[in-house]
Number of protein chains: 2
Amino acid sequence: MRRPRADSLRNREKLLMAAAAVFRETGGAGTLEAVARRAGVGIGTLYRHFPTREALFEAVYRREIEQLAELSRELSETDDPVAALRRFLHGMVGMVATKKGMIAALAIAIDGTSEIACFSFATLSAAMERLHAPAVASGSMRADVSADDILQTVVGMCLARREEQWEPAVIRLIDVFVDGLKTD
Amino acid sequence: MRRPRADSLRNREKLLMAAAAVFRETGGAGTLEAVARRAGVGIGTLYRHFPTREALFEAVYRREIEQLAELSRELSETDDPVAALRRFLHGMVGMVATKKGMIAALAIAIDGTSEIACFSFATLSAAMERLHAPAVASGSMRADVSADDILQTVVGMCLARREEQWEPAVIRLIDVFVDGLKTD
DNA sequence: TTGAAAGCGGAGGGACCCTCCGTATAATTG
DNA sequence: CAATTATACGGAGGGTCCCTCCGCTTTCAA
């Protein structure tokens with residue numbers, strides 16, 4: 001098993017850079033041809049590296065997803081598990097509001113059916129679980145709502161936004177929701 | 001100002017029937033060419049009647065949206081405003097889960113930018129407001145979350161679903177959310 | 001150095017979108 | 001019941017994007 005050719009790695013990297021730029025500018029709607037052009041490679045090369053649009057997307061935003069996982073790891077060491085969960089959700093919203101690509105990454109994680117979208121979802125799901133399980137175990141959070149339920153709710157709140165300054169509203173909604181999750 | 005030609009009205013109706021069928025079968029992803037073919041008219045005719053895909057969608061699902069508005073009117077005569085709001089949200093989820101087209105109609109109402117999508121959103125927004133205002137006025141619901149916030153949250157919950165049997169989970173989530181909305 | 005494995009590029013076929021305009025038909029008028 | 005005119009019809013065609021396929025090029029192990 002040879003190691004990958006140098007030009008292959010180079011092109012892969014160029015494609016990721018170009019895709020990040022194009023997706024940022026177009027809100028994820030850019031054409032793959034534009035990405036290939038920008039990367040200075042043929043369209044065929046793009047498709048060889050990333051067989052579907054989603055595969056490219058995910059490769060671009062995998063890092064974003066992993067940042068969320070990282071945040072959950074940090075917060076999981078807190079004393080107050082409900083507060084940690086709340087802070088995680090706030091952080092999630094903040095990242096979605098700030099980083100152009102995150103919303104697209106989440107949409108894929110939730111909607112996508114590709115193997116790769118499943119990975120994203122699993123990562124987020126695990127991140128959520130890490131904070132959810134202690135909260136339930138401590139008895140301060142109701143047990144009939146799963147970590148995935150919460151994840152999908154929060155992503156849904158972010159996806160279904162039309163106005164410009166939506167961040168404060170969603171933060172408030174999350175607080176309401178978490179209030180509802182607390183056992184009396 | 002003459003009245004519209006008979007063939008025009010006939011074709012419009014045929015197109016709506018065909019579109020409803022095609023969208024039901026494809027989950028809203030069917031092509032406009034397929035709709036025209038099914039209706040037995042030319043593609044040009046379709047575009048004359050419905051200048052954009054969204055316009056056609058909305059025409060098809062306007063009724064669905066209006067059913068929700070109707071439900072809110074019925075419920076607005078209840079004594080317990082919070083319970084009425086909760087029942088409306090449950091009804092909404094039920095309709096989304098049952099009627100194939102509703103989810104698409106909602107997605108358009110929330111995401112769409114067309115004049116016509118705005119109408120859908122306004123209708124739903126008004127329906128929501130009809131139940132929200134009394135609940136807030138009665139003092140049993142917090143005032144810092146708007147009717148639109150709730151609407152978008154619930155639609156988001158429905159949109160961001162991946163599994164098959166999602167209805168019970170979303171019902172539970174709504175209950176949690178409404179619990180959070182109640183003033184202690 | 002060299003030859004095969006790996007990778008590259010882009011032409012091209014397919015799907016869909018939407019427009020345009022010559023033709024056809026319904027409504028109106030005399 | 002023509003003749004006239006406003007409306008509407010249909011689908012060819014141009015544009016965009018998606019994705020595949022295969023002849024050519026480059027890399028790298030031997």
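Per chain, numbering begins at 1; letters A, B, ... match sequence-line order. What you see is a predicted model; the values in this text were computed from it and never measured.
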B/Asn11 has a side chain; which of C/dC8, D/dC18, D/dC9 sits nearest to it? D/dC9
Please report, rounded to the nearest Å, how far the C1' atom of D/dG14 is from the OH atom of B/Tyr47. 14 Å
Relative to the 5' end of DNA chain D, which residue comes earlier, B/Leu9 or A/Asp7, by the nucleotide with the nearest heavy atom? B/Leu9
Regarding the side chain of A/Arg48, the nearest nucleotide among D/dA8, C/dG7, D/dC18 is C/dG7
Would you mind reading off the distance between B/Leu46 atom CG and C/dC20 atom P, rounded to a whole angstrom? 17 Å
Minimum heavy-atom separation for A/Asp179 and B/Arg142, please, with both atom names. OD2-NH1, 3.5 Å
Side-chain touch B/Lys182/B/Arg86, heavy atoms, less than 4.5 angstrom: yes
Do A/Trp166 and A/Cys158 have side chains that get closer than 4.5 Å, going by heavy atoms? yes
Interatomic distance, B/Arg37 CZ vs C/dA15 P [rounded to whole Å]: 10 Å
Can you tell me if the side-chain N/O atoms of A/Arg53 get under 4.0 Å from OP1 or OP2 in D/dC18? yes
Regarding A/Asp148 and A/Ser125, is there a side-chain donor-to-acceptor distance under 3.5 Å anywhere? yes
Would you say A/Thr45 reaches C/dG9's phosphate, i.e. side-chain N/O to OP1/OP2 under 4.0 Å? yes
May I have the distance from A/Leu56 (atom CG) to D/dC19 (atom P), rounded to whole angstrom? 11 Å
Would you tell me whether A/Ser120 and A/Glu58 have side-chain atoms, one donor and one acceptor, within less than 3.5 Å of each other? yes
Atom-to-atom span, CZ of A/Phe50 to P of C/dG7 - whole angstrom: 13 Å
Specify the separation, in whole Å, of atom CD of B/Glu33 and atom P of C/dT19. 13 Å
Between A/His49 and C/dG7, is there a side-chain N or O to OP1/OP2 distance below 4.0 Å? no
Does A/Arg5 have a side-chain nitrogen or oxygen under 4.0 Å from the phosphate oxygens OP1 or OP2 of C/dA5? no
If each of A/Gly40 and B/Arg10 is mapped to the nucleotide of DNA chain C with the nearest heavy atom, which maps nearer the 5' terminus, i.e. the 5' end? A/Gly40
Nearest of D/dC18, C/dC18, D/dC9 to any side-chain atom of B/Ile43? C/dC18
